[in-house]
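Step one of this worksheet: look at the structure below.
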Amino acid sequence: MTWSEMEPLLEQACWDTLYMVGWSALIAVAGGLPLGVLLVLTDRGGVLQNVVVNKVVGQVVNIARSMPFIILMVALISFTRAIVGTTIGPEAAIVPLAIGAIPFYARLVETSVREVDGGLVEAVQSMGGSTWTVVRKVLLPESLPSLISSATTTIVALIGYSAMAGTVGAGGLGDLAVRYGYLRFETKLMWITVAILAVVIAIIQFAGDLAARGLSHRGRSSVAPRLVLLRGGASRAGKPAPAPERRAAPAEIESVEPTKVP
C-alpha cells in the first residue's frame, strides 16, 4: 500500500479518534467531577456526612471502574442502540467510552479534593459559607492543578480505550490498525498508526503537565490571600485577630537618652 492510499485512511481515522475521545472526555469530566466531590462531601467528617450515600455511590463507582472495557462495550450494546440508534461507528463508541471514564475520573477527583487543607474549609464554614461556597471557593480552586493532571490521565486512558473500541467497528485508529495492519498484513500502516497514537499521547501529556505546573505555581503565590481568609474567618467566629506589634521608628530610638550608671 502506497502513501497516497494510506493518507486518506489515516486522516479519517485520526478525526474519528479525536471525535470519540473529545466528546467522551467532556462527558467524563462533567459526570466524574460532581461524583468525586460528592464522595468527599459525604464521607466521614465531610461537610455533608452521609455514610449510607457514600458507601452506595462508592460501590457503584468501584464496580463500574473494575469492569474491563471490552466487556462493558458488549454489555451496553442495547443501551447504546437506544441512545444513538446504532452500535457501530464513532457516535456509538462515545457511549461506552464516557460511561467507562466517568467512574475512573471520579476516583481521581476524590483523591485530588482530599488533599485540600481542611483549615480553609473550616474558615469558610465559620464565616457562614454554604456547602456550595465551600466547593466553589475552596475545594475546586485549591485542587485545580491536580484535577487537570487527573483529566490528562483520563484522556490518555480514553485514547487507549478508543483503539480497543475500534476492534468492534467503532472506527478510528484502532479499527484501521486491525482491518488493514493486522487482517491485510499491512505492517507499515500498523506501525504508522502506533506512531501517531504515541505522538498524540505525548502532546496531550505535555500540555496537561504544563497547565498543571502553571496553576500550581500560581497557587503558591496566593498564600497571603489564604491567610487573610483564615484571619477573617477567625475574627467572625469570635476570635479577634492579634494586632500587629508596633516597632519603634529609627528617629525615636536615637532620641532616647542613654541610662546613666551611678
Side-chain angles (χ1 to χ4, degrees), residues 20-80 82-83 93-125 129-162 164-165 204-205 208 211-212 215-216 219:
M20 288 187 290
V21 172
W23 279 106
S24 57
L26 288 176
I27 297 173
V29 171
L33 183 61
L35 193 60
V37 173
L38 179 65
L39 288 171
V40 176
L41 295 179
T42 57
D43 200 4
R44 296 183 185 275
V47 179
L48 301 175
Q49 178 176 332
N50 192 319
V51 179
V52 176
V53 173
N54 185 269
K55 293 297 182 183
V56 171
V57 176
Q59 287 300 321
V60 172
V61 170
N62 289 337
I63 293 173
R65 191 168 61 109
S66 62
M67 186 175 298
F69 180 70
I70 190 69
I71 297 177
L72 180 65
M73 284 201 317
V74 175
L76 293 174
I77 286 178
S78 300
F79 180 73
T80 302
I83 295 296
I94 292 174
V95 177
L97 283 172
I99 293 178
I102 286 175
F104 180 82
Y105 185 63
R107 281 302 184 190
L108 296 178
V109 170
E110 180 188 9
T111 303
S112 301
V113 174
R114 286 189 188 280
E115 297 175 356
V116 177
D117 186 7
L120 295 173
V121 177
E122 295 176 359
V124 173
Q125 287 180 316
S130 62
T131 302
W132 171 244
T133 303
V134 170
V135 173
R136 186 168 59 92
K137 295 293 187 180
V138 178
L139 296 182
L140 294 183
E142 293 295 319
S143 60
L144 188 57
S146 183
L147 291 177
I148 291 179
S149 298
S150 300
T152 304
T153 303
T154 304
I155 293 173
V156 171
L158 282 172
I159 293 176
Y161 290 164
S162 68
M164 192 183 305
I204 292 175
Q205 189 68 55
L215 289 172
S216 180

Nearest heavy-atom pair of [X] and [Y]: which atoms, and what distance?
| X | Y | answer |
| --- | --- | --- |
| L39 | R114 | O-NH2, 4.0 Å |
| T154 | A101 | CG2-CB, 4.2 Å |
| G208 | T152 | CA-OG1, 3.3 Å |
| I155 | A25 | CG1-CB, 4.0 Å |
| T80 | P96 | OG1-CD, 4.0 Å |
| G100 | L72 | CA-CD2, 3.6 Å |

With distance as the sole criterion, is a donor-acceptor pair present between the side chains of [X] and [Y] under 3.5 Å?
| X | Y | value |
| --- | --- | --- |
| T42 | N50 | no |
| T133 | S130 | yes |
| S112 | S146 | yes |

*Would V109 and V29 count as a side-chain contact (heavy atoms from CB on, under 4.5 Å) if you check the C-alpha gap in whole Å, the side-chain angles of each, and the deciding distance to 0.1 Å?*
CA-CA 9 Å; V109 170; V29 171; over 6 Å; no
_Just to verify, what does L140 make a side chain to side chain contact (heavy atoms under 4.5 Å, CB included) with, not counting sequence neighbours?_
L33, V37, V135, L147
Reported [atom1]-to-[atom2] distance for the pair [X] and [Y], which is rounded to 0.5 angstrom:
| X | Y | atom1 | atom2 | result |
| --- | --- | --- | --- | --- |
| L38 | N54 | CG | CG | 8.0 Å |
| M73 | I77 | CE | CD1 | 8.5 Å |
| S24 | I94 | OG | CD1 | 6.5 Å |
| T131 | L48 | OG1 | CG | 4.5 Å |
| S143 | D117 | OG | CG | 12.5 Å |
| L97 | I102 | CG | CD1 | 11.0 Å |

*Ignoring hydrogens and angles, tell me if any N or O in the side chain of R107 forms a donor-acceptor pair with the backbone of G58 under 3.5 Å.*
yes
_Quick one: does any side-chain atom of Q49 pair with a main-chain N or O of G45 as donor and acceptor, under 3.5 Å?_
yes
*State, with a plain yes or no, whether a side-chain heavy atom of L120 is found less than 4.5 Å away from one of E142.*
yes
*Any L35 side-chain heavy atom under 4.5 Å of V61 side chain*: yes
*Quick one: ring pair (Phe, Tyr, Trp, His ring centres under 6.0 Å) pairs with a partner in residues 55-80, sequence neighbours left out?*
F69-Y161
